[in-house]
Amino acid sequence: KSVSSKNWMIVTANAYASAAGAKVLQSGGTAADAMVAAQSVLGLVEPESSGIGGGSFLLWYDGVTGKIITLDGRETAPQNSTADQFQNSNGTKMKFFDAVIGGLSVGTPGTLALMYEAQKKWGNQNWTKLFDEAIFLAKNGFSVSKKLSSSIERDKDRLSKIEKTKEYFLPNGDSLKHRQILKNPAYASTMQNIANNSIYDFYRGSIAQDIISTVNNYSKNPGFLGFEDLSSYRVIERDPVCIIYKVYNICGMGPPSSGGVAVAQILKILEPYDLKSLGFSNPLTWQIIGDATRLAFADRDLYLADSDYVSVPLSGLLSDDYLVERSNQIKAGSKTENIVPGKPPDDIAYNYGIDNSLELQSTTHISIYDQYGNALSMTSSIENAFGSRLMTESGFLLNNQLTDFSFNEKVDGKLIANRLEPGKRPRSSMAPTIVLEDGKPIIIIGSPGGSNIINFVVNSIISLLEWDMDIQEAVSHPHAINRWGKFEIEESAYSSNLEASLNTMGYDTKIRKYYSGLNGILIDTKIYGGSDPRREGIALGD
């Protein structure tokens, strides 16, 4: 059931993190203060998904000004990176996990800088106190969750390749067990350092040196991270990507994330269809949503990348006329053929090649609404589960976000927009989202899940706005997703009928499990929170 409250709400992926944030909100802190407390705990208790060794995107709705601001804390490619660093000597692409494990995949972390920037802008609590819970748990121990334990067991062969990582996650060669008490004194010291010295040591001091040493001294796959990469890192404040869907204003994160653009495109392509009347159990509903997704992903794979490095035709991709044209391509009731990237009105002259970079599902999401009317939606990640598998002496894992770039610079002689370049931020699918009605937030939502994040968020928004589900129903509802032609259908009471109907329409299908981790808030007469039952999240309110 949804959790309800009158004053504030926090929903995170782990009970320890939600409790840490709730304690801050209860004492009068803002959503930004609570986020810092929650994320610092998540890096300890859910290290496979996020942490200060990774990157984040944040949407903030200001309860006083009514404005939405986004912060880009995405990792950057080191200045010594090369376009072909994920290729073998013969010019072929490296196998994915050969590229992931080790220093080569590590980008300059941005999450801690984003935490600091958000709290400086919108917090009202003492920075030094926001790490108390993380320090306490790291020193005294926390109970290992079922998700962490099972994640270690699934990945133990890769975790075992790096001695320090193996020592922490597989003590004596055995995976940490569910409910085992785990301490991390190195992480406690790091959190105390950050509490006392802000982020200085992380980007310019002893922790920075530890990160650089960990990345560059890994013998099998060293990276290129330098002191200047850390000391020059900056969080970027960007304009949100917003569209009007019926009477709602839906805002998300722009490039280098593809999440906000793709969510916006899908919803606008769907706008002419009466999804409310069709209903959630109608196979035609999912066929239309699936083909809208395919159209958006075709554009995503061609055009979307870091707009500070390549020209992204953003206004064209989101223009009403263009999206009506894309919507008209859907053949309701039969498979829509020949889905290719569109030609938005401000299409760039340069002819890009289509990217096929792999983005696996890990990541975490935090949704918060505070007593001052501020809303925060933040998605945070180290990319693949356990990131690069490199554990620093400072007690946290480092990301593998550089593998979100294309492994090839060109395809068929055409440059790929999401190619690796020094200083560039890799494309992401993270889609923290805030939905407004009459200028006020009514939905705060986001999810982990790689490129499936986009549809996890879309499906939940449609469930809330079109089918009048409560927030817990919306984040729990079965998924059906079609990104590139094959329909992937979540096992459920609906799946057999849906699969048969889609097969009749001409679609290839696959029944599978999904591990979305939607954490959402619905604001109505009360504040309602819901967390995806596929993971271990919890909503807490007052």
(message) Tell me if a side-chain donor or acceptor on Thr30 pairs with a main-chain N or O of Asp33 at a distance below 3.5 Å.
(response) yes

- Any chance the side chains of His479 and Asn459 put a donor and an acceptor closer than 3.5 Å? yes

Specify whether His477 and Phe280 have parallel, tilted or perpendicular ring planes, treating 30° as the upper limit for parallel and 60° as the lower limit for perpendicular. perpendicular

Gly530 and Ala539 have their tightest heavy-atom pair at N-CB, 4.1 Å

No-hydrogen, no-angle side-chain donor-acceptor test under 3.5 Å, Thr364 and Arg535 | no

Under 6.0 Å from the CG atom of Asp274, do we count more than 12 heavy atoms belonging to anything else shown? yes

Rounded to the nearest 0.5 Å, the CE atom of Met115 sits from the OG atom of Ser56 at a distance of 8.5 Å

Shortest non-hydrogen pair, Phe405 vs Arg425, comes out as CZ-C, 3.7 Å

What do the steps show when you test Val312 against Leu304 for side-chain contact (heavy atoms from CB on, under 4.5 Å), and what is the final call? CA-CA 6 Å; Val312 178; Leu304 289 173; 3.6 Å; yes

Nearest heavy-atom contact between Ala305 and Val310 is CB-CG2, 3.7 Å

- Query: Aromatic rings Phe96 and Phe407: how do their planes relate, parallel, tilted or perpendicular, breaks at 30° and 60°?
  - Reply: parallel

Note to self: Regarding Ser451 and Arg483, do their side chains bring together a donor and an acceptor under 3.5 Å, going by distance alone?
What the structure shows: yes

Of all heavy-atom pairs linking Gly29 and Asp370, the shortest is O-CB, 4.5 Å

dist Ile461:CD1 -> Glu466:CD (nearest 0.5 Å) comes out at 11.0 Å

Value for CD1 (Ile471) from CD1 (Ile527), rounded to nearest 0.5 Å, stands at 13.0 Å

Is there a donor-acceptor pair closer than 3.5 Å between any side-chain N or O of Gln125 and the backbone N or O of Leu130?
no

* To do: Mark yes or no for whether Thr70, through its side chain, and Arg238, through its backbone, hold a donor-acceptor pair below 3.5 Å.
  => yes

query = Any side-chain donor-acceptor pair under 3.5 Å between Asn455 and Thr293?
reply = yes

Per side chain to side chain contact (heavy atoms under 4.5 Å, CB included), Ile250 is matched among Leu267, Ile434, Val241, Ile244 by Leu267

Taken to the nearest 0.5 Å, the spacing of Ile288 CD1 from Tyr273 OH works out to 5.5 Å

>> For Arg534, is there an ion pair with Asp532 - N to carboxylate O distance below 4.0 angstrom?
In response: yes

Do NZ/NE/NH1/NH2 and the carboxylate oxygens of Glu325 and Lys343 come within less than 4.0 Å?
no

What do you reckon, is NZ of Lys246 surrounded by more than 12 foreign heavy atoms closer than 6.0 Å? yes

Closest heavy-atom pair, Leu464 versus Met469, reported as atoms and distance to 0.1 Å, is CD2-O, 3.4 Å

Please determine whether the number of non-hydrogen atoms from other residues, nucleotides or ligands lying under 6.0 Å from atom NZ of Lys410 exceeds 12. no

Measure from the side-chain N and O atoms of Arg74 to the backbone N and O of Arg427, and report whether any donor-acceptor pair falls under 3.5 Å.
-> yes

Hey, is Lys121 close enough to Asp62 for a salt bridge, meaning N to O under 4.0 Å? no

**Report entry** Verdict with reasoning, Glu46 to Ser50, per side-chain hydrogen bond (donor to acceptor under 3.5 Å, both in side chains)
**Finding:** CA-CA 7 Å; Glu46 198 194 29; Ser50 74; 4.7 Å; no

Would you find more than 12 non-hydrogen atoms of other residues, nucleotides or ligands less than 6.0 Å from Asn328 atom CG? yes

Original post:
Do Phe456 and Tyr514 make the cut of ring centroids closer than 6.0 angstrom?
Top reply: yes

**Report entry** side-chain contact (heavy atoms from CB on, under 4.5 Å) between Arg204 and Phe227, intermediate numbers included
**Finding:** CA-CA 7 Å; Arg204 296 174 180 271; Phe227 190 79; 4.3 Å; yes

Leu270 side chain near Ile289 side chain, heavy-atom distance below 4.5 Å:
yes

Verdict with reasoning, Asp84 to Thr82, per side-chain hydrogen bond (donor to acceptor under 3.5 Å, both in side chains) | CA-CA 5 Å; Asp84 61 354; Thr82 61; 3.1 Å; yes

Run Phe57 and Asp72 through side-chain contact (heavy atoms from CB on, under 4.5 Å) and show every step you take. CA-CA 5 Å; Phe57 292 117; Asp72 172 0; 3.3 Å; yes

Before you tell me yes or no, could you show the steps for Asp306 and Glu421 under side-chain contact (heavy atoms from CB on, under 4.5 Å), namely the whole-Å CA-CA distance, both residues' side-chain angles and the distance that decides it to 0.1 Å?
CA-CA 10 Å; Asp306 185 347; Glu421 299 178 83; over 6 Å; no

- Query: Quick check: does any side chain N or O of Lys424 sit under 3.5 Å from a backbone N or O of Arg419, one acting as donor and the other as acceptor?
  - Reply: yes

Next on the checklist: Closer than 3.5 angstrom, by distance alone: can the side chain of Trp467 be matched with the main-chain N or O of Leu275 as a donor-acceptor pair?
Outcome noted: yes

Side chain to side chain donor-acceptor pair (under 3.5 Å) with Ser381: of Asp404, Thr363, Thr111, only one passes, and it is Thr363

Sorted by chain and number, sequence neighbours left out, side chain to side chain contact (heavy atoms under 4.5 Å, CB included) with Tyr116 holds for Lys120, Trp127, Ser198, Ile199

The reported gap from CD in Glu75 to CG in Asn400 (rounded to nearest 0.5 angstrom) is 9.0 Å

Taking Thr336 for the side chain and Ile330 for the main chain, is one N or O donor matched with an acceptor at less than 3.5 Å? no

For Ser460 and Leu518 the tightest heavy-atom approach is OG-CD1, 3.2 Å

Can you see whether Ser367 engages His365 through a side-chain donor-acceptor pair at a distance of less than 3.5 angstrom? yes

*Verify the distance criterion only: is there a donor paired with an acceptor across the side chains of Thr12 and Asn14 at less than 3.5 Å?*
no

d(Glu383 CD, Asn399 CG) to nearest 0.5 Å is 8.5 Å

Check: Does any donor atom in the side chain of Asn384 or Arg389 lie under 3.5 Å from an acceptor atom in the other side chain?
Finding: yes

| said: More than 12 heavy atoms of other residues, nucleotides or ligands under 6.0 Å from CD of Glu228: yes or no? | reply: no

- Query: For the side chain of Ser257 and the backbone of Met430, is there at least one donor-acceptor N/O pair under 3.5 Å apart?
  - Reply: yes

Check: Where the side chain of Ser40 meets the backbone of Val36, is there a donor-acceptor pair that is under 3.5 Å apart?
Finding: yes

Salt-bridge criterion met for Arg326 and Asp299 (N-O under 4.0 Å) = yes

